[in-house]
Amino acid sequence: MRLVSLRLETHSLAPVLRVGAYGAFGLIILVFAVAAPTFLSFGNLANVLQQSAILGLLAFGLTIVVIGGGGNVVQGGIDLSLAANLGLSAAIYATLIKNGQSDLLAVAATLAAGLAVGALNAVAVVWLRILPLLATLAVSKIVNGLEFVLTQNSVVTASSPFLTWLSDVGPFGVPIMAYALVLVTLVVLPAVQSTPGGLRLHAIGAHPEAARAAGLPLSLYIAGSYLVSGILGALAGVLSAAYLTGSSPGSADILLSVVVAALLGVVFSRRLVPTIGGTLLSVLFIGLLANGFQLVNISSYWINGVQGVLILFVVACTTLGRREAAA
Amino acid sequence: MNRLSRYGVVAALVVLFVAFSLASPTFLTFANLKSVVVNHFAILSLVSLGMTLVVATGGIDLSIGASVDMASLAYIEVLTQNGSPALAVAAGLVGAAVVGAFNGVLIAGLRVPPFLATLGTLFIAQSVQQLFTDGGTPIYLIAGPPRPIFSLVEMARLWLVGGGILATFLLFGASVFGRRVLALGVGPAVARYSGLPARRDVAAVMVNAALLAGVAGIILSSSVRSYAPLSGNAYLLDAIGATFLGTTFSAHGRANVAGTLLGVLLLSIVKNGLLLVGVSFYWQQVGDGALIFLVLALSFSSRRSQ
């Protein structure tokens, strides 16, 4: 049940795929640019960046967990609690603000909640050895339930100076949330792709036995990946509270898009492995697609289907190409 | 694997059964137990058995809820157009089978990994439903002329569920196809080298799983007398949960029919019990998750200590 094979012999194929993936990316941008003149305008691209911020943060979280757990969905790493975490975090933030608490306290409480969700996942996966798929599924039920309890399944409106600032437009007419995505990327990308810790996480996911033999503390790194994922979920919750001026039920809907973004990102990487850069590209890809559809007035009901076809197309190409390479 | 791990689900069931019986006088009444079976167990068990088939081959079906939906959509749509009940049921089954066949082509034909293939199918099925219903407007057949097919399906549903259970039991326990499916899950490479028709079997499993979910969709639509878009997804996570809870019941940690049914029973009893004990609706969700978490912790951590 490997998601995408990470075997060495596939590497000769990777450049072709990568060109194909970038080509598809470029083609879609081109089509929309011709169909809708405003598509490539600076303002519109900034909007896409803003609208991709929440998905981006969540997809980074999932990518980190997948990197540490390896590409096997059932035995390896996956975090299905991210969407529920987003919902609970936004609900906590909105409820605290509504009850007259300060932004500082709200941010602290939200981050603490996200960290707690991550810690619960870590305990379940690393120490109790529950399959990540199941562990994070159970945790997402609990977290989702806590959001229910907190909000009684209703919309909580909240506005505060910080939330207003977050949803506002910043320097050069670019929304602050677009800057937030860029900032988080600037922190997470080098941390995961270039620091010794990040590289060790890659090693643990790809070759756990070798990593263990080399003396790496596997449990610590894997637990850490769930904690980071929890924090990213909470940060996404803060952004969501700003974007929706409060919290509203139904955050679970984003989960599948998060999974798609993290998995599709694999084809953008040089060795067909999950990377933060690849995930960022696929998040922007999904964002541009949704935005382009809006601009050329195609019903948004098509978006899911096109996303589905896209995943299947990309993955089918990957597997077909691999078979030819093996033959 | 030791006993605590293997019988964790059974132990949890017994403990919960006793606890709920003590906490609520209505729990252990025939009427209530019947409602557990009819309202929770019936539909989830069919969907979970479909998932069990797929997981037994080493795959997963994220579009199992979409099969429920497509069956429900086709069934209700034919009834809306005043088609005959038999045609409606057939359309429902075909609707589900199309989802399964699509998965089969992707997984067996194009060799797309099951997780991604069924995720893609799920997305496409969501779009189809949204486009068909103008963004998600349910189709109600509550008013209008009486439709005997609804009452007929309602009367027959426990038989249908029983039939589904029996069929999957026999399939795994007494059919060559079932043995091949298990072989595929345990050692896909060995199965292939032994000359088993692995790809055809995987495709057949995807279609059969979708058909089981399709029967669930027809039962669901008959009892609520309507089709609500995207409602099948509610069963996805529970079906995964039940199937994998069930794997702890097998000596080898494999998906199995008895284990899955115990898992479904556990999830159903927890939902019903928490309601009866008077836990607020919102806390029920937390309790639900926490209990499942505990059972998983019990099963998996004792498995490690061996």
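Chain letters run A, B, ... following the sequence lines, proteins first, then strands; residues in each count from 1. Here the structure is a predicted model, which means the values were calculated and not measured.
Between the side chain of B:Tyr227 and the backbone N or O of B:Leu73 there is no donor-acceptor pair closer than 3.5 Å. Proximity of a side-chain donor or acceptor of B:Ser48 to a complementary backbone N or O of B:Ser45 within less than 3.5 Å is not detected. At distances below 3.5 Å, at least one donor-acceptor pair connects side-chain atoms of B:Asn256 with backbone N or O atoms of B:Arg254. Checking side-chain atoms of A:Asn99 against main-chain N and O of A:Thr95 turns up a donor-acceptor pair under 3.5 Å. Judged by distance alone, with hydrogens and angles left aside, the side-chain atoms of B:Thr57 form no donor-acceptor pair with the main-chain N or O of B:Gly185 at under 3.5 Å. In terms of modelled atom types and a separation under 3.5 Å, the side chain of B:Thr118 and the main chain of B:Asp61 share no donor-acceptor contact.
Checking B:Thr121 against B:Ser63 by side-chain atom types alone, no donor-acceptor pair falls below 3.5 Å. Counting only N and O atoms by type, the side chains of A:Asn121 and A:Ser81 include a donor and acceptor under 3.5 Å apart.
Heavy atoms closer than 4.5 Å to chain B are found in both the backbone and the side chain of A:Leu256. Residue B:Ile240 touches chain A through both its backbone and its side chain, counting heavy-atom pairs closer than 4.5 Å. Neither the backbone nor the side chain of A:Glu147 comes within contact range of chain B; no heavy atom of the residue lies under 4.5 Å from a heavy atom of that chain. For B:Leu230, no part lies under 4.5 angstrom from a heavy atom of chain A. For B:Phe132, no part sits under 4.5 Å from any heavy atom of chain A, backbone or side chain.
For a heavy-atom cut-off of 4.5 Å, chain A lies close to B:Lys271 in residues 259-272 of chain B.
Heavy-atom pairs under 4.5 Å with chain B were tallied for A:Leu264, A:Asn144, A:Asn153; the largest tally goes to A:Asn153.
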Would B:Leu236 and B:Ile64 count as a side chain to side chain contact (heavy atoms under 4.5 Å, CB included) here? Give the steps.
CA-CA 6 Å; B:Leu236 171 65; B:Ile64 196 108; 3.8 Å; yes
